[in-house]
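Below: one structure, written as structure tokens.
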Amino acid sequence: MKTVLLIEDNELIRENTAEILELANFRVVKAENGKQGVVLALQQKPDIVVCDIMMPNMDGYGVLHVFHKNPVLEAIPFIFLSARTERADIRKGMESGADDYITKPFQESELLNAIEGRLRKVELLKKTPVLSSASAGLTQELMPKSPTHQELEHLAHDKKIYLYKKKQTLYTEGNEPTKIFFLKKGKVKVYSTNQEGKEYITGIINESEFFGYLPFIEETEYQETAETMEDSEVVLIPKEEFLTLLYHDQLVANRLIRTLATSITEKEKMLSSLAFNSLRKRTAESLLFLLGRYQTSANQHPPIPVSRHDIAGLVGASPEAVSRTLSEFKNEQLIDIVGSKILILNKQKLLYLRG
């Protein structure tokens, strides 16, 4: 019998939901607030969690955060059950790393199908053949929560490092994927090209990040092109090794899903900005995005060594239009331009322009 941890502060909803689950042959552990739910999770080790969001002591987001930070709880499927029905609320719940989001009031079948679906996935992952010791050792390297220098050095030691010069292509839109990429050092841009050959940058890869794995998940060709923005060091992981690891280890799968959710959200914001915002607003937004990619400390604003062509690819405008806007920003003392580098002088004003 599978155990469901139900965290809900409303007594009537908690008891009614528990009755539904018990009739479906689940063992139910009930908690009336988030803090109590975490304590019971550590004690009972449930197979799945159904959790409200708005609760006293600790809300649902706080509970999920604790789960993600605790190795004992991290792999447990987590479903939000909330009266918050706005699209933004649902998106926030999924971006936080929940496996599902069910809105109140709900149909009994909706809740049961969600729970059973998640539990079936866990069982399938458990039945996958055990990895070799070499592949198992990659688990911590492939999707680390917050990679340390030592972990990256270990990965570089185990895998061959390929050196790429600036503006070298790693993979091309339309080609069949064969490897997943890990950027050990440097910067990589990912972009799409329209029928006129105009580039639109959809992402910039930082050091210690994985990329090029989405086509494996979707079973498609590359939908974008990846190109180095500076001299870079890249580790290539074979497709078969990555897929075996992904299908075997739920922990890795969960981390990958959260990474994908964040990536998709960033792209949605970029597309929304491109469609509705002014050129000045898009340029300010792109400069702040680049600052986030190059910044290593919250108190430092390093020079951004990005070409006008690449900024234009982020903004979705011609290099000439972007250059004019950058000149305006310089005259307004928002930025300084030294050669090919841009220095942010007034981050707060750029944030205001971005809105």
Side-chain angles (χ1 to χ4, degrees), residues 1-126 145 250-251 253-255 257-258 260-262 264-265 268:
M1 181 181 292
K2 298 294 184 180
T3 298
V4 179
L5 172 58
L6 175 62
I7 310 174
E8 168 64 66
D9 65 318
N10 185 296
E11 184 178 2
L12 180 60
I13 295 176
R14 185 172 66 248
E15 295 305 321
N16 287 342
T17 305
E19 183 178 358
I20 292 170
L21 296 172
E22 287 168 349
L23 289 173
N25 202 32
F26 288 106
R27 172 177 173 264
V28 181
V29 177
K30 295 176 286 187
E32 61 185 28
N33 59 61
K35 185 176 291 186
Q36 185 184 55
V38 171
V39 172
L40 288 173
L42 291 168
Q43 292 174 350
Q44 301 289 330
K45 306 297 189 301
D47 296 289
I48 193 166
V49 177
V50 177
C51 183
D52 187 21
I53 291 180
M54 299 301 295
M55 296 182 295
N57 296 329
M58 181 186 292
D59 66 11
Y61 295 122
V63 175
L64 183 56
H65 179 75
V66 172
F67 270 62
H68 287 167
K69 294 295 183 181
N70 191 311
V72 176
L73 305 177
E74 184 176 20
I76 299 174
F78 197 103
I79 297 175
F80 274 135
L81 186 64
S82 176
R84 292 189 164 192
T85 60
E86 294 294 326
R87 183 171 181 267
D89 293 320
I90 297 173
R91 174 182 289 181
K92 181 180 178 181
M94 297 305 292
E95 289 174 1
S96 298
D99 294 282
D100 210 335
Y101 190 112
I102 298 175
T103 58
K104 304 173 185 176
F106 58 90
Q107 297 291 328
E108 293 181 12
S109 59
E110 183 181 9
L111 176 61
L112 295 175
N113 287 338
I115 292 174
E116 291 168 359
R118 294 297 166 184
L119 292 175
R120 278 198 302 270
K121 184 177 179 181
V122 172
E123 291 302 315
L124 286 173
L125 290 168
K126 288 180 179 178
K145 292 181 186 175
Q250 186 184 358
L251 184 63
N254 286 344
R255 290 175 182 169
I257 289 169
R258 291 199 292 274
L260 284 173
T262 302
I264 291 169
T265 301
E268 285 181 348

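As the structure is a computational prediction, the values presented were derived from the model and not from experiment. When reading the values below, keep in mind they use all heavy atoms of this one structure, side chains included, and skip hydrogens, waters and symmetry mates. We're numbering straight along the sequence, starting at 1.
Every residue two or more places apart in sequence or in another chain that forms a side-chain contact (heavy atoms from CB on, under 4.5 Å) with Gln43 is listed here: Val39, Leu40. Remark: Lys45 engages no residue in a salt bridge (Lys or Arg N to Asp or Glu O under 4.0 Å) (not counting sequence neighbours). Partners of Phe26 by ring-ring contact (aromatic ring centres under 6.0 Å, His included), not counting sequence neighbours: none found.
Residues Asn70 and Leu42 meet the side-chain proximity criterion, which asks for heavy atoms closer than 4.5 Å. With contacts defined as side-chain heavy-atom distances shorter than 4.5 Å, the pair Glu8/Thr17 does not qualify.
Atom NZ in Lys92 sits 13.5 Å away from atom CD in Glu86 (nearest 0.5 Å). Remark: Gln36 CD to Met55 CE distance equals 10.5 Å, nearest 0.5 Å. If you take CG on Asp100 and CD1 on Ile90, they are separated by 10.0 Å, rounding to the nearest 0.5 Å. To the nearest 0.5 Å, atoms CG (Leu6) and CD1 (Ile79) are separated by 11.0 Å.
Shown are Val50, Ile76, Val29; of these, the side chain to side chain contact (heavy atoms under 4.5 Å, CB included) with Leu5 is made only by Val29.
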Which pairs would a plain distance check flag for residues 106-115, meaning a side-chain donor or acceptor within less than 3.5 Å of a matching protein atom at least two apart in sequence or in another chain?
residue: Asn113; atom: ND2; partner: Ser109; partner atom: O; Å: 3.0

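Closest heavy-atom contact between Met54 and Asp9: O-OD1, 3.5 Å. For the residue pair Ala98 and Leu64, the shortest heavy atom distance occurs at N-CD2, 3.6 Å. Pairing each heavy atom of Pro77 with each of Asp47, the nearest pair is CD-O, 3.3 Å. Nearest heavy-atom pair, Phe80 versus Ile53, reported as atom, atom and distance to 0.1 Å: CD2-CG1, 3.5 Å. Asp89 and Thr85 make their closest contact through OD2-N, 4.4 Å (heavy atoms, listed as atom of the first residue, atom of the second, distance). What you find for Arg118 and Ile48 is that their closest heavy atoms are CB-CD1, 3.8 Å.
Counting only residues at least two apart or in different chains, salt bridge (Lys or Arg N to Asp or Glu O under 4.0 Å) contacts with residues 50-67 comprise Asp52-Lys104. Every pair passing salt bridge (Lys or Arg N to Asp or Glu O under 4.0 Å) that includes a residue from residues 12-34 is listed here, sequence neighbours excluded: Glu15-Lys30.
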Before giving the answer on side chain to side chain contact (heavy atoms under 4.5 Å, CB included), spell out for Arg84 and Tyr101 the whole-Å C-alpha distance, their side-chain angles and the decisive distance to 0.1 Å.
CA-CA 10 Å; Arg84 292 189 164 192; Tyr101 190 112; 3.5 Å; yes

Starting from the C-alpha separation in whole Å, work towards a yes-or-no answer on side chain to side chain contact (heavy atoms under 4.5 Å, CB included) for Phe78 and His68.
CA-CA 10 Å; Phe78 197 103; His68 287 167; over 6 Å; no

